[in-house]
Enquirer: 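Just passing along the structure, written as structure tokens.
A, B, ... follow the sequence lines: proteins, then strands. Residue 1 opens every chain.
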Protein chains: 2
Amino acid sequence: MKRDKLSDQQCSVARSSAVLGDPWTLTLLSDCFLGVRRFEEFQQRLKLSRTTLASRLKLLEEHGILAQSQYELKPPRFEYRLTQKGRELFPVISTLLTWGDKYYSDEAGPPIIRHHKTCGHDYQAYIACSECGEPLELNDVEARKRPQNDNHPAVERGPVKRVPGENQASR
Amino acid sequence: MKRDKLSDQQCSVARSSAVLGDPWTLTLLSDCFLGVRRFEEFQQRLKLSRTTLASRLKLLEEHGILAQSQYELKPPRFEYRLTQKGRELFPVISTLLTWGDKYYSDEAGPPIIRHHKTCGHDYQAYIACSECGEPLELNDVEARKRPQNDNHPAVERGPVKRVPGENQASR
DNA sequence: CTAAGTTGGTCCATATTATGGACTTACATA
DNA sequence: TATGTAAGTCCATAATATGGACCAACTTAG
């Protein structure tokens with residue numbers, strides 16, 4: 001299967017990956033959250049080819065993650081800003097950053113430190129349950145296919161049943 | 001700059017992206033969390049070429065995210081399991097899933113429903129602050145470079161200062 | 001007025017990757 | 001003996017990424 005057919009899959013990760021699953025795209029979004037907005041600025045920071053940058057920005061715009069807004073009339077110039085949909089990627093970038101900080105920092109520690117103004121401390125992000133607010137642990141969750149429905153195709157890539165003792169999270 | 005030089009950057013997202021920033025890799029990891037472990041199983045579910053699958057599994061193994069474990073002696077056969085480092089990607093996949101469920105579900109809703117056994121409800125994931133436990137909102141956080149240190153190179157891709165009123169999270 | 005600079009791109013030839021299909025190895029089963 | 005299974009590798013072709021040159025539409029410095 002071609003990569004671009006991933007977006008037709010019945011899987012939220014596959015569909016999201018079709019847009020975000022690119023090293024430049026993820027890094028570019030990270031820069032967006034750091035306040036970067038302009039073509040030249042992205043290009044100089046990421047040091048990627050202008051062609052690739054243009055194609056990534058276009059894709060993110062098509063998906064409604066970034067939107068162009070005019071900041072100069074003559075000549076007309078635009079900058080790229082996160083939309084609401086784009087801003088909702090903050091949890092994805094945050095958790096990626098937390099993982100990267102832990103496993104890919106050098107001896108000097110994470111290059112960028114994030115600070116929670118509300119409580120006044122530097123932080124890392126963790127995930128919690130929308131229903132009870134408790135931290136989400138891999139062993140406390142399970143997945144199931146949505147109920148079968150005549151109006152919609154059955155879900156193909158469901159969770160795999162493993163025999164007890166062979167926990168999916170085991171070493 | 002070539003994609004594979006991203007891992008040398010002083011940025012946790014760039015370094016993580018160098019491994020994870022690929023649509024197949026993210027979808028493959030998602031399947032790992034659903035209990036998938038074997039080459040054939042990945043290939044049939046993801047419908048990607050065997051060549052690409054082999055290269056992704058190898059990369060994930062080299063990065064210590066998956067580990068092979070023997071499940072059959074004659075002939076020797078191995079399956080791929082998440083390591084501790086790999087299991088710590090659960091927050092990344094979870095938040096990606098939450099975002100994808102919201103923006104890329106069809107009318108039948110998310111194909112896979114996730115359940116929190118601890119509280120007994122179906123859930124979505126949100127991120128919280130490691131220091132105070134409150135939900136993390138984009139507008140409540142700020143980023144800064146790590147302190148300058150003679151023994152380590154300065155951080156190049158820091159946050160961008162924008163003039164007040166031009167909030168990075170604004171529309 | 002002219003030359004150089006700025007910004008946000010596009011175009012192109014050349015690398016680099018991805019793709020599907022055939023093939024391989026080493027057994028097990030009918 | 002023939003067929004099947006699992007986990008790959010190999011190969012030719014197709015699709016993408018890359019860097020550098022180029023372009024358009026201004027602004028600024030001299």
Enquirer: Would you indicate which nucleotide in D/dC26, C/dC27, C/dT19 comes nearest to any side-chain atom of A/Arg3?
Expert: C/dT19
Enquirer: Output the rounded distance in Å from CD (A/Glu72) to P (D/dT27).
Expert: 8 Å
Enquirer: For the pair B/Asp8 and B/Lys2, find out whether any cationic side-chain nitrogen is under 4.0 Å from an anionic carboxylate oxygen.
Expert: no
Enquirer: Which nucleotide wins on minimum distance to the side chain of B/Pro75, given the candidates C/dA26, D/dT9, D/dC26?
Expert: C/dA26
Enquirer: Would you indicate, yes or no, if D/dT16 has its OP1 or OP2 atom less than 4.0 angstrom from a side-chain nitrogen or oxygen of A/Trp24?
Expert: no
Enquirer: Starting at CG of B/Leu48 and ending at P of D/dT9, how long is that distance when rounded to a whole Å?
Expert: 13 Å
Enquirer: Nearest whole angstrom, please: distance from the C1' of C/dT17 to the NZ of B/Lys2.
Expert: 12 Å
Enquirer: Per the atom types in the model, does the base of D/dA7 pair as donor or acceptor with the side chain of B/Arg50 at under 3.5 Å?
Expert: yes
Enquirer: Is A/Tyr80 near enough to C/dT7 that one of its side-chain N or O atoms lies under 4.0 angstrom from OP1 or OP2?
Expert: no
Enquirer: To the nearest Å, how far apart are A/Gln44 CD and C/dG5 C1'?
Expert: 13 Å
Enquirer: Please determine, for the side chain of B/Arg56, which listed nucleotide (D/dT18, C/dA18, C/dG8) has the closest atom?
Expert: C/dA18
Enquirer: I need the CD-P distance between B/Gln43 and C/dA18, as an integer number of Å.
Expert: 16 Å
Enquirer: Considering residues at least two apart in sequence or located in another chain, which fulfil the side chain to side chain donor-acceptor pair (under 3.5 Å) criterion with A/Glu62?
Expert: A/Lys58
Enquirer: Can you say whether the rings of A/Phe90 and A/Phe33 are parallel (under 30°), tilted (30 to 60°) or perpendicular (over 60°)?
Expert: tilted
Enquirer: Between D/dG20, C/dT6, D/dA7, which nucleotide gets closest to the side-chain atoms of B/Phe39?
Expert: D/dA7
Enquirer: How many whole angstroms separate atom CG of B/Asp22 from atom C1' of D/dT16?
Expert: 13 Å
Enquirer: Starting from P on C/dA26, measure out to CG on B/Leu73 and report it in whole angstrom.
Expert: 16 Å
Enquirer: Heavy atoms only, 4.0 Å cut-off, all strands: where does B/Phe42 land among base, sugar-phosphate and nothing?
Expert: nothing
Enquirer: Check this for me: does any side-chain nitrogen of one of B/Glu40 and B/Arg50 sit under 4.0 Å from a carboxylate oxygen of the other?
Expert: yes
Enquirer: Which pairs count as salt bridge (Lys or Arg N to Asp or Glu O under 4.0 Å) when at least one residue sits in residues 113-133 of chain A, sequence neighbours excluded?
Expert: A/Asp101-A/Arg114, A/Asp122-B/Arg144
Enquirer: Mapping B/Phe78 and A/Asp4 onto DNA chain D by nearest heavy atom, which one lands closer to the 5' end?
Expert: B/Phe78
Enquirer: Let me know the distance between CD of A/Gln68 and C1' of C/dT7, rounded to the nearest Å.
Expert: 13 Å
Enquirer: So, is B/Thr52 close to the C/dT19 phosphate, meaning a side-chain N or O under 4.0 Å from OP1 or OP2?
Expert: yes
Enquirer: Mapping B/Arg77 and B/Thr51 onto DNA chain C by nearest heavy atom, which one lands closer to the 5' end?
Expert: B/Thr51
